[in-house]
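Scope of the values below: all heavy atoms of this structure, side chains included, with no hydrogens, waters or symmetry mates. Computed from a prediction, not measured in an experiment: that's the story for all the values here. Labels below follow one simple rule: chain letters A, B, ... track the order of the sequence lines, proteins then strands, and each chain is numbered from 1.
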There are 2 protein chains.
Amino acid sequence: MKDSMDNSIIDKLQNFYIQLISQFGHCTGVSPSRFRLLHKLYHVDEINQTTLQKELQIDSAAITRHLKQLEGDGIVTRRNNPDDNRFTLVRLTELGRQEIVAYREEKILFMAQLLQGFSEEEQKLFSHMIERMRNNITKGRNEE
Amino acid sequence: MKDSMDNSIIDKLQNFYIQLISQFGHCTGVSPSRFRLLHKLYHVDEINQTTLQKELQIDSAAITRHLKQLEGDGIVTRRNNPDDNRFTLVRLTELGRQEIVAYREEKILFMAQLLQGFSEEEQKLFSHMIERMRNNITKGRNEE
DNA sequence: TAATATTAATTGATATATCAACGATTGATG
DNA sequence: CATCAATCGTTGATATATCAATTAATATTA
């Protein structure tokens with residue numbers, strides 16, 4: 001039982017990611033899930049919850065609860081799709097967009113720190129590697 | 001407000017990691033935290049909880065609860081350090097080691113899939129990049 | 001030695017995530 | 001048209017994570 005695969009890439013990734021999330025979360029004061037949710041909303045005009053769920057891989061119950069809370073805080077609005085009342089369409093309010101701009105500034109600072117010493121090519125290479133791995137493990141499933 | 005940094009490395013990393021954890025978790029049937037905990041225990045003979053907490057960056061309350069449960073399942077044993085009764089020394093049982101061997105086999109399979117098409121050099125490069133990023137964000141803090 | 005401070009582990013309160021079950025709406029089929 | 005199936009969102013039960021407060025043991029210091 002030799003340690004040929006210990007401190008493997010998965011282990012390193014996990015340790016790294018935990019660190020990253022912990023630091024980044026403290027920067028922005030927002031949990032990773034919520035950050036991803038807001039980030040997604042920032043990039044679409046209006047979107048229904050199931051699409052959010054699928055793209056973010058967050059449980060639909062969690063989606064509902066996040067959005068309820070965000071709606072209460074005035075960050076998003078929700079309305080039914082008039083063409084199909086099953087769908088709930090979500091969009092950021094102006095306030096919501098403003099908040100996110102602040103987060104994004106934090107994020108830029110954080111990324112600058114994270115990527116210190118990385119050339120453009122290295123960054124591209126890294127992104128590409130992540131992409132390849134993601135393809136490897138999502139292979140054989142329907143793409144989003 | 002241009003999208004110069006959208007779909008940034010952080011976003012990609014998050015999306016990728018969520019995927020990875022989801023798939024990997026389904027493979028082994030163990031949560032990421034618990035997996036990391038067991039993995040650590042596998043590599044040390046005996047360790048106290050605070051050290052675990054610091055190295056894994058898991059809350060000490062979570063450590064306690066995990067270990068209680070694992071103890072109940074016969075995966076670990078706990079005893080007080082005779083030299084200092086504040087410390088609780090944890091170690092895997094034989095059963096625990098056997099279980100982990102099974103997880104490790106799942107992990108090997110999963111990693112093979114994850115790293116399909118990656119040469120040795122690419123894997124090393126990727127690890128190194130992660131390491132560099134980790135250093136970038138842990139800079140100025142006491143190392144573990 | 002007695003009083004105080006520090007450290008490890010635990011517990012309680014709370015927040016957030018997941019799974020399963022449910023209700024409401026729409027689509028499909030006889 | 002009526003029934004059945006499928007889809008979206010919500011809720012409840014439960015598991016797990018975090019923070020703050022607590023307890024027990026040890027170290028420090030007057």
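Atom P of nucleotide dT7(D) and atom CG of N48(A) are separated by 14 Å, given to the nearest angstrom. For L52(A) and dC8(D), the CG to P distance is 13 Å, given to the nearest whole Å. The interatomic distance linking K68(B) (NZ) with dA9(C) (P) rounds to 13 Å, in whole Å. Atoms CG (L67(A)) and P (dT11(D)) sit 12 Å apart, rounded to a whole Å. Here the P atom of nucleotide dA9(C) and the CG atom of N80(B) are 9 Å apart, to the nearest Å. In this structure, R79(A) places its CZ atom 16 Å from C1' of dC8(D), rounding to the nearest Å. As a whole-Å value, the separation of E55(A) CD from dC8(D) P is 13 Å.
For the pair R132(B) and E122(A), the salt-bridge criterion is met [side-chain N within less than 4.0 Å of a carboxylate O]. By the 4.0 Å N-to-carboxylate-O rule, K107(A) lies close enough to D11(B) to be salt-bridged with it.
Using the six-membered ring where Trp is involved, F24(B) and F35(B) have ring planes that are perpendicular, over 60° apart on the 30 and 60° scheme.
For T93(B), there are no side chain to side chain donor-acceptor pair (under 3.5 Å) partners two or more places apart in sequence or in a different chain. The ring-ring contact (aromatic ring centres under 6.0 Å, His included) search around F126(B) returns F126(A), not counting sequence neighbours. Considering only residues two or more places apart in sequence or on other chains, F118(A) meets the ring-ring contact (aromatic ring centres under 6.0 Å, His included) condition with none of them.
Contacts classified as salt bridge (charged side-chain N to carboxylate O under 4.0 Å, His left out) and involving residues 38-53 of chain A (residues at least two apart or in different chains) are given here: K40(A)-E55(A), D45(A)-R91(A), E46(A)-R79(A), E46(A)-R91(A).
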Show me the protein contacts with nucleotides 16-18 of chain D, counting only N or O atoms at under 3.5 Å.
residue, atom, partner, partner atom, Å
dA17(D), OP1, S33(B), OG, 2.9
dA17(D), OP2, H66(B), NE2, 2.9
dT18(D), OP2, D59(B), N, 3.4
dT18(D), O4, R65(B), NH1, 2.7

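Minimum heavy-atom separation, T138(B) to Q19(A): CG2-OE1, 3.2 Å. Across I18(A) and Q57(B), no two heavy atoms sit closer than the pair CG2-CB, 3.9 Å.
At dT10(C), one or more side-chain N or O atoms of T64(B) fall inside 4.0 Å of OP1 or OP2 (strictly under the cut-off). Phosphate contact (OP1/OP2 of dT10(C), side-chain N/O of R78(B), threshold under 4.0 Å): present.
Which of dT10(C), dT10(D), dC8(D) sits closest to the side chain of Q49(A) comes down to dT10(D).
Backbone-only contact: T50(B) has heavy atoms under 4.0 Å from sugar-phosphate atoms and none from a base.
Contacts of residues 81-91 of chain B with DNA chain D (heavy atom under 4.0 Å): D84(B), N85(B), R86(B).
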